[in-house]
Amino acid sequence: MDTPRLHPDTIEAVRDRADIVDVVSQHVVLKKQGKDFVGLCPFHEDKSPSFSVSPGKQFYYCFSCGAGGNAFKFLMELNKRSFADVVLDLAQRYQVPVTTLEPAKRQELQRQLTLREQLYEILALTARFYEHALQQIDGAAALAYLYERGLSDATIQQFQLGFAPGGWQTLYGYLVEQKHYPVELVEKAGLIVPRQKGDGYYDRFRDRLMIPIRDGQSRVIGFGGRALGDEKPKYLNSPDTELFDKGKTLYGLDLARAAIAKDDRAIVVEGYFDVIALHSAGLENSVAALGTALNAAQVRQLLRYTESKQILLNFDADAAGVKAAQRAIGEVEEMAYRGDVQLRVLNIPDGKDPDEFLRHHSATAYRDLIEAAPLWIDWQIHNLIEGKDLRQADQFQQTSQAVVKLLSDIANADTRTHYVRYCAEIFSNGDSRLVPLLAENLVTQVRRQRRTTSDAAPSRSAPNPTPSASSLEQAEAALLRIFLHDAAHRDEIRQVLEDRDLQFSYSHHRALWRQMQRLLTETDDPRVDLVNLLRNQLADTGLATTPLQALLHLSEKTKRDVIRAPLIIRAAAACMEKNLCEKRYRHFLALWEKTDCTTAPEQFAEYQRQIYAEKRRIEVLEKDRQVSFEDLAIMPWVGEQYDSLDR
């Protein structure tokens with residue numbers, strides 16, 4: 001069925017309820033920056049945060065690719081969905097009543113919307129059924145098990161723990177025969193399973209301790225069932241349904257959100273009872289993945305609540321737990337390398353899980369372990385080296401290669417240098433004399449690995465940064481140097497400056513430029529030897545003590561620059577123009593941030609257009625600044641022209 005036309009009141013109500021930061025942060029890791037949020041743009045290959053979200057304007061904008069709009073536009077562009085579909089999804093999420101402009105289609109729309117509400121109702125009723133069963137005679141063993149684990153009645157009630165009776169159709173009889181819910185709906189809720197032979201259904205969960213799984217609004221969306229005997233599997237989860245997707249769900253998040261924001265850190269553990277034990281001990285910023293490795297989507301959910309983006313993985317210290325931590329790191333490794341998440345890993349001593357540790361230790365002792373937990377890279381290095389005899393050549397080589405691969409992916413040079421030194425100290429086995437040699441060897445291997453990786457894959461590096469003051473000064477000096485030493489390119493330089501409306505930014509450069517123009521006018525000779533004329537006049541003009549003196553003398557490098565004049569002129573002019581573009585970019589950005597898109601939409605859009613135009617021009621100019629091997633290949637061999645430049 002086609003999505004019906006929605007009533008304007010519904011659209012406006014959803015627009016008021018759907019917060020842009022809440023919507024975008026489900027798909028983009030956002031960091032607070034002043035009054036706005038920034039992150040990597042999801043609409044293009046973005047390696048430096050150019051994507052801005054304004055809570056005040058309820059608007060997003062990418063200053064690199066130009067994508068922008070409100071929450072509706074974001075979801076439409078990201079998921080390639082229609083406007084009406086996006087509004088309907090948001091209406092369900094924010095519980096906004098939906099009305100349409102087409103009465104004939106209202107009934108079908110209501111049926112679609114109420115399906116989810118009916119599933120919520122069935123699951124909520126089932127949770128109460130299991131809670132009641134826990135307090136009956138059949139649930140005595142399950143209740144005793146919970147008490148043995150140290151759970152209080154308050155904790156049992158807080159997490160709605162229950163018991164699924166052992167009969168094949170106990171829940172079926174309650175929901176279908178007593179409460180008269182359609183059997184198809186109960187099946188869609190994941191609570192019953194059709195028999196493989198013959199007709200009929202049987203309960204999915206039987207004779208199990210039941211743990212409700214809730215969404216962010218504390219609505220039951222599924223269950224986890226723990227066997228009380230030797231049944232397999234030990235834990236059985238609900239299947240994926242209309243409401244429940246275990247790859248997108250974190251157990252305990254509805255209870256942990258406030259504590260994560262307060263502690264500015266999220267703790268991710270392996271099991272239901274780890275979460276329950278931590279919450280019972282006052283460590284309420286903990287959640288658990290549901291039988292799968294922690295993935296990037298789940299991490300992004302957590303990052304919405306922690307300002308400093310801190311996540312701590314506390315999986316079991318046994319082989320399975322280490323493997324689970326490795327899988328989780330692999331899922332979010334790219335985010336961690338970029339610095340989108342500050343990831344730490346905690347392995348409790350003696351292989352204990354949080355639940356077991358807290359039975360014998362205080363919450364303070366656990367907090368001490370948290371504070372001492374290493375960063376994920378340190379943890380990885382420790383696991384690579386643990387158990388290896390680095391005095392054995394084969395083990396040393398194997399470990400060294402693994403460490404090099406790990407370090408080569410670190411984008412930040414300072415961080416990479418730190419870990420190179422750290423690993424060199426480990427490999428030295430306490431012999432400080434070997435550290436410099438080992439560090440140098442690691443640096444060489446890491447560079448080689450980075451070059452290999454870069455050559456093997458398309459470049460996804462961040463755009464070059466804004467030219468620094470020194471690079472702008474060098475660009476201006478390069479133009480002046482060519483103008484001084486190579487008369488053949490003087491007209492070209494003049495034309496470039498005139499066409500692009502460029503002026504020298506540094507006062508000593510402007511002074512030299514004016515002096516050269518006067519000399520050319522006085523001599524009326526476009527090819528006059530400006531170098532000799534200026535040498536005679538510098539003292540009289542007061543410029544002898546400035547950096548301009550250096551422009552009169554050519555080194556080996558500056559000789560090459562003069563000989564490659566066309567390339568240098570192009571690059572230097574691009575650098576100078578880029579400096580102007582960036583000033584205009586910052587100017588329009590400041591105006592855009594001050595403009596209210598609701599009261600001045602045309603001005604708001606014009607500033608966006610100007611920002612985007614300057615950004616695109618900056619990208620073009622950045623390419624012009626670069627000199628490729630192809631550019632050099634068409635230039636003459638520099639040795640043939642050296643003699644003509646010697647003074």
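Using modelled atom types and a 3.5 Å distance limit, the side chains of Y366 and N314 yield a donor-acceptor pair. Side-chain polar atoms of E177 and Q169 form no donor-acceptor pair below 3.5 angstrom. Counting only N and O atoms by type, the side chains of E121 and Y181 include a donor and acceptor under 3.5 Å apart. D263 and Q310 are not linked by any side-chain donor-acceptor pair at a separation below 3.5 angstrom, with hydrogens and angles left out of the test. Checking R226 against Y145 by side-chain atom types alone, a donor-acceptor pair falls below 3.5 Å. Looking at R214 and Q160, their side chains do bring a donor and an acceptor atom within 3.5 Å of each other.
In this structure, R204 contributes its side chain and G190 its backbone to a donor-acceptor pair below 3.5 Å. One N or O on the side chain of D245 and one on the backbone of G247 form a donor-acceptor pair closer than 3.5 Å. In this structure a side-chain-to-backbone donor-acceptor pair under 3.5 Å is present from Q58 to P55. Listed for the N383 side chain is a donor-acceptor partner under 3.5 Å among the backbone atoms of W379. Remark: side-chain polar atoms of R208 are paired, donor with acceptor, to backbone N or O of G225 under 3.5 angstrom. Checked by atom type and distance alone, the side chain of Q301 pairs as donor or acceptor with a backbone atom of K248 at under 3.5 Å. A donor-acceptor pair is defined here as one N or O able to donate and one able to accept, closer than 3.5 Å; such a pair exists between the side chain of S25 and the backbone of V21.
Closest approach of K309 and D340 over heavy atoms only: CB-O, 3.4 Å. Closest approach of P49 to L40, counting heavy atoms only: N-CD2, 3.7 Å. Looking at every heavy atom in both residues, S308 comes nearest to D264 through OG-OD2, 2.7 Å. Smallest separation of non-hydrogen atoms from A324 and E270: CB-OE1, 4.3 Å. The shortest non-hydrogen separation linking D240 to K246 is OD1-N, 3.2 Å. Residue G271 comes nearest to A288 through the heavy atom pair O-CB, 3.8 Å, listed as atom of the first residue, atom of the second, then distance.
Counting only heavy atoms from C-beta outward, the side chains of V345 and F315 never approach each other to under 4.5 Å. Proximity of I156 to Y147: side-chain heavy atoms (C-beta onward) are separated by under 4.5 Å at one or more points. Taking 4.5 Å as the limit, every side-chain heavy atom of L302 sits out of range of all side-chain heavy atoms of T306. In this structure the side chain of V53 never reaches within 4.5 angstrom of the side chain of D36, judged on heavy atoms. Here the side chains of R344 and L313 are not in contact, with every heavy-atom distance at 4.5 Å or above. Counting heavy atoms from C-beta on, the side chains of V341 and V29 never come closer than 4.5 Å. A heavy-atom distance below 4.5 Å is found between the side chains of F205 and Y130. Using a 4.5 Å heavy-atom threshold, the side chains of C62 and H44 count as touching.
For F74 and F43, the gap between ring centers is short of 6.0 Å. Ring centroids of H132 and F163 are separated by 6.0 Å or more, keeping the two rings apart. In summary, the aromatic rings of Y61 and F51 are positioned with their centroids too far apart to meet the 6.0 Å limit. Between W376 and Y337, a ring centre-to-centre spacing shorter than 6.0 Å is recorded. The aromatic ring centres of Y174 and F129 sit less than 6.0 Å apart.
A cation-pi geometry, defined here as NZ or CZ lying under 6.0 Å from the six-membered ring centre and within 45° of its normal, holds between R219 and Y120. Judged by the 6.0 Å distance and 45° axis criteria, R149 is positioned over the aromatic ring of F273. Geometrically, K32 engages F37 in a cation-pi contact defined by less than 6.0 Å to the ring centre and at most 45° from the axis.
The side-chain contact (heavy atoms from CB on, under 4.5 Å) with S286 is formed by just one residue from the set I267, V268, I260, L255; it is I267. Of the residues listed (D203, L185, I122), the one engaging L191 in a side-chain contact (heavy atoms from CB on, under 4.5 Å) is I122, and it is the only one.
Taking 4.0 Å as the cut-off between side-chain N and carboxylate O, E12 and R15 count as a salt-bridged pair. Ion pairing of R265 with E371 is present here, as a side-chain N (NZ or NE/NH1/NH2) and a carboxylate O approach within less than 4.0 Å. Salt-bridge annotation for R195 and D199: absent, with no side-chain N of the basic residue lying under 4.0 Å from a carboxylate O of the acidic one. The pair E242-K188 fails the salt-bridge criterion, with no side-chain N (NZ, NE, NH1 or NH2) lying under 4.0 Å from an Asp/Glu carboxylate O.
Within 6.0 Å of the CD atom in Q33, the count of heavy atoms belonging to other residues, nucleotides or ligands does not exceed 12.
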Before you tell me yes or no, could you show the steps for I276 and L161 under side-chain contact (heavy atoms from CB on, under 4.5 Å), namely the whole-Å CA-CA distance, both residues' side-chain angles and the distance that decides it to 0.1 Å? CA-CA 10 Å; I276 294 170; L161 302 181; 4.1 Å; yes
With side-chain contact (heavy atoms from CB on, under 4.5 Å) as the criterion, how do E307 and K31 come out once you've worked through the C-alpha distance, each side chain's angles and the decisive distance to 0.1 Å? CA-CA 7 Å; E307 182 75 21; K31 294 182 180 179; over 6 Å; no
Going through the distances and angles, do L119 and T241 end up as a side-chain contact (heavy atoms from CB on, under 4.5 Å)? CA-CA 10 Å; L119 293 177; T241 67; 5.8 Å; no
Evaluate F72 against V23 for side-chain contact (heavy atoms from CB on, under 4.5 Å), listing each step before the verdict. CA-CA 9 Å; F72 296 157; V23 170; over 6 Å; no
Let's go through D19 and Y94 carefully: what are the C-alpha distance in whole Å and the side-chain angles of both, what is the deciding distance for side-chain hydrogen bond (donor to acceptor under 3.5 Å, both in side chains) to 0.1 Å, and is it a yes or a no? CA-CA 10 Å; D19 178 67; Y94 291 100; over 6 Å; no
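Atom CG of L75 sits about 12.0 Å away from atom NZ of K73, to the nearest 0.5 Å. To the nearest 0.5 angstrom, L243 atom CG is 10.5 Å from S238 atom OG. One distance of note links CD of Q380 with NE2 of H382; it measures 11.5 Å at 0.5 Å rounding. One distance of note links NZ of K80 with CG of D85; it measures 14.5 Å at 0.5 Å rounding. Separating the OH atom in Y251 from the CD1 atom in I213 is a distance of 8.0 Å, to the nearest 0.5 Å. To the nearest 0.5 Å, atom CG of residue D89 and atom CG of residue N79 are 8.5 Å apart.
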